[in-house]
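Heads up, the thing below is written out as structure tokens.
Every chain is numbered from 1, with letters handed out A, B, ... down the list of sequences.
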Amino acid sequence: MLRTHYAGALRLGDIGTTVTLTGWVDRRRDHGGVAFVDLRDSSGIAQVVIRDEEVAHPLRSEFVLQVTGTVGRRPEGNENPSLATGEVEVVATDVVVLNSAAALPFQVSTGASEESGVVGEETRLKYRYLDLRRPAPAHAIRLRAKVNQAARRVLDDQGFIEVETPTLTRSTPEGARDFLVPARLAPGSWYALPQSPQLFKQLLMVGGLERYYQIARCYRDEDFRADRQPEFTQLDVEMSFVDQDDVIEVAEEVLVALWQLIDVEIPRPIARMTYAEAMTRYGTDKPDLRFAVELVDLTEYFADTPFRVFQAPYVGAVVMPGGADQPRRTLDAWQDFAKQRGHRGLAYVLVGADGELTGPVAKNLSEAERAGLVAAAGAQPGDCIFFAAGAASGARALLGAVRLEIGRRCGLIDESAWAFVWVVDAPLFKPVGEDDDVAVGGGAWTATHHAFTSPNPDWIDRFEEDPANALSYAYDIVCNGNEIGGGSIRIHRRDVQQRIFAIMGLGEEEAQEKFGFLLDAFAYGAPPHGGIAFGWDRIVMLLAGEPSLREVIAFPKSGGGYDPLTQAPAPITPEQRKEAGVDAKPRSAEKAPAETAAGSPPEA
RNA sequence: GGCCCCGUAGCUCAGUUGGUUAGAGCGCCGCCCUGUCACGGCGGAGGCCGCCGGUUCAAGUCCGGUCGGGGUCGCCA
């Protein structure tokens, strides 16, 4: 070892000891005759005193040093309470420059970030190896390791087997666009990177593993968000011979262990809410329960309204406390808020301090409606009532977004709270919309979760009777309005699977072509099974208190899937292109699946 | 794909109504400095104002386009 001690570990008890430290020059203060170097390693910072000017003078930020010296107590009054090692210092007898460092693109030293503002993300990512020397990024990556460790510990203790599944596989039936990899040995054919290990983990259940987990990299070729990366990580779990409660039980134990890492005790059991309740009360399937504002269903209240806009299948409202005094400009901004989400606008009524209703909508309401509105909406004098009318799903989605915005603007969200909830009983199917370019089958319905999600016990024998209302055996875990995990009990019976496919308009041939290997496996005694997958990056992000997934990924991509550090993706050479078979024409016999999926039924 | 915002020194930013030689803080380089810890002092270097085009006597500033970044909606079961 090049060192005897970690810099950040030195304490009064080490006084008198001769130590050798290694690390980087965090900062130096050169006084001519005596110089101070803050030496930083992974454990922290220690002050090194160098009395030889010849040695100290050439040192620069981020030089790599090996320092030998004696630990001494700092002179009276010279302690630095902001350093853990601030009561001591190392008086150097020998300083070896292990490496020099070029002038930095940005300041690495801790204090620097406060004085010259925050460094832009693109620069940080381009020099991520320097960024990682800074305390916050370093902490996030270390926390992530602890999170992995905690999950493994819980699952290992419960007899789960960690299994790696392929990353070169075939295009899976999940909703997102696949990343594709040309197969050199089969020109014209392509691998897909997995969107998740979904099918493989089910095969592992057929394989008798009974309890599987994996910290799995997943790939989806979709557009970016602060909370989305093209490659991301799931903690993937699957269990045999279980029902929903068993999976939830294991999932909660994992979550409890994770939040213990930041000294938060999650009360168990975590509350459950049906999907229908979440949509009705919060306008979303991932409600943020850190604040109490809820949607109010006023459809009945406005059943006979003269106001044409409210003559709709659904009329709902959400109350903004104290919102009555918003200036016109702000109320206009709410209109833009709604328009940006594809709605025509956002109706509102202002409730004056005296209870009088104002705003453009108020005069369109009947006398009786005005009289009872404040009570019906649960408003108070001084509040603003926002309305959305129309199809229930769209109107609730708008109100849900408004609710969140109200929470933010009014400071209603308790930032220190951790509000967990299971959202259960999601619909099994959703209508195929125009936007469903990735629909699996050609029918009127597509799976809400995925095609292998079982109907819940109430519906398993009769989901065909009412596909719109049939419920799935699925569950999502939501934390502070973030979906941090989701799973389901799977279909293990071939007849049920075929009935599901039938509803989705997926013929036997086509089903066989798309996931024949799974259906084949299910023919050989598939056990009842189910599981869950956690959004690992998002969970670490929450635990670290970071605003972006990028902060908890060692080498994240920036917008457009670009990596500023490696400059990937990059062009390939003509030779690579030829060899990879990118341009190979598929043989006519092997039609691309996408062409048969949408329109005509597969050949009989 | 739609909408919004941002591109000025290594970093973070300012730059007036279009008007002389484009500034600040930090960083960097040189010299000085024996108890600092955001050390201090003196001096210095550093700019394709993202790029292309247009308007104008004159463009960092106005207009059009383009590229890059961020956010958001669509999308992401």
Checking A/F522 now: which residues fulfil ring pair (Phe, Tyr, Trp, His ring centres under 6.0 Å) with it, not counting sequence neighbours? A/H529

Pick the closest RNA chain B nucleotide for A/H57 and for A/T123 by heavy atoms, then say which residue is nearer the 5' end. A/T123

Applying a 4.0 Å non-hydrogen cut-off, can you work out what A/G120 is touching in the nucleic acid: base, sugar-phosphate, or nothing? sugar-phosphate

Within the sub-3.5 Å range, which N or O atoms of nucleotides 41-45 of chain B have a protein N or O partner, and how far apart are they?
none

Side chain of A/A103, heavy atoms from C-beta onward: which of B/U36, B/C28, B/C76 has the nearest atom to it? B/C28

Going by side-chain contact (heavy atoms from CB on, under 4.5 Å), name the residues that satisfy it together with A/W190, two or more places apart in sequence or in a different chain. A/L180, A/P182, A/V582

What residues, two or more places apart in sequence or in another chain, satisfy side-chain contact (heavy atoms from CB on, under 4.5 Å) together with A/R60? A/R28, A/F63

Can you list, by residue number, the residues of residues 32-43 of chain A that have a non-hydrogen atom closer than 4.0 angstrom to RNA chain B? A/G32, A/G33, A/V34, A/F36

Which residues pass the side-chain contact (heavy atoms from CB on, under 4.5 Å) test with A/L404, not counting sequence neighbours? A/D288, A/F291, A/R408

Partners of A/R493 by salt bridge (Lys or Arg N to Asp or Glu O under 4.0 Å), sequence neighbours excluded? A/D495

Set of ring pair (Phe, Tyr, Trp, His ring centres under 6.0 Å) partners for A/H57, sequence neighbours left out: none

Taking salt bridge (Lys or Arg N to Asp or Glu O under 4.0 Å) as the test, write out the residues that go with A/R29, two or more places apart. A/D38

Indicate, with a heavy-atom threshold strictly under 4.0 Å, whether A/P105 touches base, sugar-phosphate, or nothing. sugar-phosphate

Between B/A22 and B/G10, how far apart are the P atoms? Round to whole Å, please. 16 Å

Is the Lys NZ or Arg CZ of A/R177 less than 6.0 Å from the centre of A/F179's six-membered ring, within 45° of the axis? no

Sticking with atom C1', work out how far B/C13 lies from B/G27, rounded to a whole angstrom. 14 Å

So what does A/Q229 hit on the nucleic acid, given a heavy-atom distance under 4.0 Å: a base, only sugar-phosphate, or nothing? nothing

Do any N or O atoms of the protein come closer than 3.5 Å to N or O atoms of nucleotides 67-72 of chain B, and which pairs are they?
unit_1 : atom_1 : unit_2 : atom_2 : d
B/G69  : OP1    : A/G559 : O      : 3.3
B/G70  : OP1    : A/R550 : NH1    : 3.1
B/G70  : OP1    : A/G559 : N      : 3.0
B/G70  : OP2    : A/G559 : N      : 3.1
B/U72  : O2'    : A/Q340 : OE1    : 3.3
B/U72  : O2'    : A/Q340 : NE2    : 3.3

With sequence neighbours excluded, tell me which residues meet salt bridge (Lys or Arg N to Asp or Glu O under 4.0 Å) with A/E62. A/R40, A/R133

Can you list every pair that meets salt bridge (charged side-chain N to carboxylate O under 4.0 Å, His left out) and has a residue in residues 68-83 of chain A, with sequence neighbours left out? none

Classify the nucleic acid contact of A/R60 as base, sugar-phosphate or nothing, counting any heavy atom under 4.0 Å across all strands shown. sugar-phosphate

Pick base, sugar-phosphate or nothing for A/D221, based on heavy-atom distances below 4.0 Å to the nucleic acid. nothing

Just how far, in rounded Å, is P of B/G2 from NZ of A/K339? 20 Å

What nucleic acid atoms does A/E79 come within less than 4.0 Å of, heavy atoms only: base, sugar-phosphate, or nothing? base

Name the orientation class of the two ring planes belonging to A/Y475 and A/W422 (parallel below 30°, tilted from 30 to 60°, perpendicular beyond 60°). perpendicular

